[in-house]
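Everything below concerns the one structure shown next.
Note on naming: letters A, B, ... go to the chains in the order of the sequence lines (proteins, then strands), and numbering restarts at 1 for each one.
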Amino acid sequence: MAKEPRCPDKFTAVNELARRRGFFWQSYEIYGGVSGFATYGSLGARLKQNIERKLRELFVNKLGILEIESPVITPERVFEASGHIEHFKEPMVGCLKCKKRFRADHLVQGCVKISEAEAEKLTLTELKEMIEKNEIHCPECGGTFDEVKQFLTMFKTTIGPYSDAVGYGRPEAAQGIFVEFKRLYGMAREKLPFGAMQIGRALRNEISPRQGLLRLREFTIVDLEFFFDPEEPDCYMLTDVENERLRLLLAETRLKNSEDLTEVTVKEALKKGYIKLEWQAVFMALATKLLNDLGVPAEKQRFIEKLPWERAHYSLQTFDQEVLVERWGWVEVTAYACRSDYDLKRHTEFSGQDMYVFKEYEKSVEKEQLVIKPIMSKLGPIFKKEAAEVAEMLSKTDAKEVEASLKNSGHYMLGKYKILPEHVGIQREKIVERGRRFIPHVVEPTFGSDRLFYVALEYAYRVKDDRVLLSFPRDIAPVQVGVYPLLSKDGLPEKALPLHKMLVDEGFVAEYDEAGSIGRRYARADEVGIPLGITVDYDTLNDGTVTIRDRDTWKQVRSRIDELPELLRKFFGWKINFEDLGNPI
RNA sequence: GCGGUCGUAGUCUAGUUUGGCAGGACAUCAGCCUCCCACGCUGACGACCCGGGUUCAAAUCCCGGCGACCGCACCA
């Protein structure tokens with residue numbers, strides 16, 4: 001861009017630049033485009049991969065989280081179990097007169113004395129009845145409403161040729177992890193805590209997505225499910241991050257209509273009970289660092305605690321990590337939910353599969369216990385065919401209760417059966433408990449990949465001397481180095497081309513450009529955020545040195561070609577800075 | 001989904017009121033020039049959102065659709 005357009009806001013500027021230079025654009029453009037879908041171009045695809053690589057480095061490599069990939073299409077039963085069928089839709093009504101649409105349950109709740117939870121439980125016909133009975137009219141124009149209809153925000157399809165085999169595009173990647181819990185637990189060598197993560201596409205049929213990458217109908221989500229023993233919720237890496245600062249906007253503050261931040265260390269946040277779980281706080285600290293590494297300074301981030309009615313149906317406490325963007329204000333980029341044992345419990349219930357884990361005590365516990373031993377030789381003659389059932393019921397009954405009853409009244413009423421002392425033997429037995437069985441609890445950090453992408457792009461966007469440049473952190477820049485002959489004559493291209501090839505062979509993402517003036521090429525490279533430009537000039541022909549130019553400061557240093565691979569590797573690994581790459585010019 | 005505003009090359013735009021050969025700038029590409037920050041010169045590529053109607057003739061007028069932007073309801 002030669003001239004600056006008249007002050008468009010950053011969102012517009014970033015979207016235009018992204019389209020022009022191939023980061024991303026709206027999909028299906030030749031058919032007019034469809035809202036809520038985006039296509040990433042080559043630079044964008046690479047930037048996105050680099051951001052996702054950082055997530056993998058952090059979670060998979062450093063924390064040993066297991067990464068999986070599971071299908072997008074999911075059978076209905078899974079979302080019945082997870083609660084999505086029940087919760088992932090909204091009852092809506094439209095006004096016949098002014099055509100405005102409203103959430104039916106919100107309307108009813110506003111006119112009738114019922115709680116939010118009760119309103120949400122109402123069926124469509126109940127809602128319709130309530131609206132009719134209470135003569136609820138359109139709050140805008142006083143008109144009457146049409147039918148109450150559910151808007152399901154999941155994409156529905158059928159699996160195979162049978163229309164009754166209903167499937168849905170997953171609205172989150174988390175269920176793909178929960179349904180595989182048994183296998184994953186095995187892969188974690190049956191030890192808690194452990195985590196599983198997946199980076200994948202999710203689908204949500206948004207009503208009106210009009211915020212570019214910030215609200216897509218098909219998007220990339222990163223769901224990390226971290227499983228732990230609720231009786232041992234402490235985090236072994238708390239000490240690594242306990243002094244990191246968190247910027248919290250707590251629910252109690254929000255209820256006072258305030259947006260004041262509570263700035264505390266991880267340690268304080270836990271001590272004061274702002275954050276319920278250590279792992280939760282630790283993940284939040286890690287995410288703060290991650291966003292910082294993506295170019296978003298700490299003061300542009302905050303964690304907002306969701307109010308009870310804002311939380312997803314499975315969550316006990318949720319924080320959203322928000323980033324301040326110019327056009328939209330605070331935008332949610334990641335979220336931290338305490339899912340407790342909700343999902344595994346539900347899948348246990350719906351699938352009939354046992355999702356309990358067994359944890360052996362360090363020392364087995366010996367316990368003395370009262371045990372009822374039915375004496376079959378006595379029970380048989382009395383209860384005949386029903387004897388087996390009686391014995392079964394007896395063994396499930398609390399022994400203390402039976403003992404007390406026999407002692408006090410001489411018998412015990414087991415339902416309709418009268419049990420006498422001679423029918424049972426009550427003994428004290430020593431039993432050895434080797435461990436306990438329980439369903440693990442879950443904390444879930446989740447990341448919107450496309451939103452991370454957008455904020456990285458917006459925070460990289462800078463204007464210097466009327467020129468646009470993308471100041472990506474060097475390790476996420478989609479192209480690492482540009483190689484340029486100063487002029488496209490006098491043997492300079494012949495020297496620069498092999499240099500480019502050498503860098504590519506060494507594993508760098510390098511681009512070669514000899515079109516136009518050197519200034520124009522630097523400008524083009526700055527605009528897509530290439531951190532370093534390497535220029536072959538006339539001195540190169542004599543002494544084998546090149547200039548290296550810094551994207552952000554436009555400073556230059558001179559270095560030897562044969563030292564480049566080593567120097568660049570150190571530079572991109574954050575081991576050295578630009579000034580260490582050579583002699584200043 | 002509703003209301004308002006608006007759709008002309010990759011981008012910005014002239015033309016739409018009053019129907020009559022769709023023009024410019026920047027970008028891109030090719031070449032010339034050029035010893036470090038979007039110089040200059042020559043040339044090339046490239047557009048009326050889609051569909052229907054009115055008309056001898058539609059970018060222009062009418063209808064429908066799609067999309068975008070700005071405001072209301074959902075969300076990573």
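The side chain to side chain donor-acceptor pair (under 3.5 Å) test applied to A:Arg204 returns no partner, not counting sequence neighbours. Residues satisfying the salt bridge (Lys or Arg N to Asp or Glu O under 4.0 Å) criterion with A:Glu57, sequence neighbours excluded, are A:Arg53. A search for side-chain contact (heavy atoms from CB on, under 4.5 Å) contacts involving A:Ser517 returns A:Arg520, not counting sequence neighbours. In this view, A:Gln480 and A:Phe508, A:Val509, A:Phe572 satisfy the side-chain contact (heavy atoms from CB on, under 4.5 Å) rule, not counting sequence neighbours. Take A:Ala298 and apply the side-chain contact (heavy atoms from CB on, under 4.5 Å) test, not counting sequence neighbours, and it matches no residue. Partners of A:Arg21 according to the side chain to side chain donor-acceptor pair (under 3.5 Å) rule, which considers only residues two or more places apart in sequence or in another chain, are A:Glu527. Legend: residues meeting side-chain contact (heavy atoms from CB on, under 4.5 Å) with A:Arg201, ordered by chain and number and at least two apart, are A:Val72, A:Glu218, A:Thr220.
Within 4.0 Å (heavy atoms only), A:Ile585 reaches no atom of the nucleic acid at all. Within the 4.0 angstrom heavy-atom criterion, no nucleotide atom of any strand lies near A:Val222. Within 4.0 Å (heavy atoms only), A:Ser488 reaches at least one base atom of the nucleic acid.
Remark: aromatic rings of A:Tyr40 and A:Phe453 are close, center separation under 6.0 Å.
By the criterion of a centre-to-centre distance under 5.5 Å and near-parallel planes under 30°, the ring of A:Tyr522 forms no stack with the base of B:C36.
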Do any side-chain atoms of residues 577-585 of chain A form donor-acceptor pairs under 3.5 angstrom with protein atoms, and if so which ones, sequence neighbours left out?
{"residue": "A:Asn577", "atom": "OD1", "partner": "A:Arg474", "partner atom": "NH2", "Å": "3.4"}
{"residue": "A:Asp580", "atom": "OD2", "partner": "A:Asn577", "partner atom": "N", "Å": "2.9"}

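Remark on RNA chain B: of its neighbouring residues A:Arg521 and A:Ser449, the 5'-side contact belongs to A:Arg521, judged by nearest-heavy-atom nucleotide.
Listed by residue number, the members of residues 49-58 of chain A with any heavy atom below 4.0 angstrom from RNA chain B form an empty set. Against RNA chain B, the stretch residues 195-202 of chain A makes no heavy-atom approach under 4.0 Å.
For the strand RNA chain B, secondary-structure stems (runs of at least three Watson-Crick or G-U pairs, all distances below 3.5 Å) span B:1-7 with B:66-72, B:10-13 with B:23-26, B:28-32 with B:40-44, B:49-53 with B:61-65.
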Please produce a list of atom pairs where a protein N or O lies less than 3.5 Å from an N or O of nucleotides 28-30 of chain B.
{"residue": "B:U28", "atom": "OP1", "partner": "A:Arg524", "partner atom": "NH1", "Å": "2.7"}
{"residue": "B:U28", "atom": "OP2", "partner": "A:Arg520", "partner atom": "NH1", "Å": "3.1"}

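Listed pair A:Ser517 / B:C39 meets the phosphate criterion, a side-chain N or O lying under 4.0 Å from OP1 or OP2.
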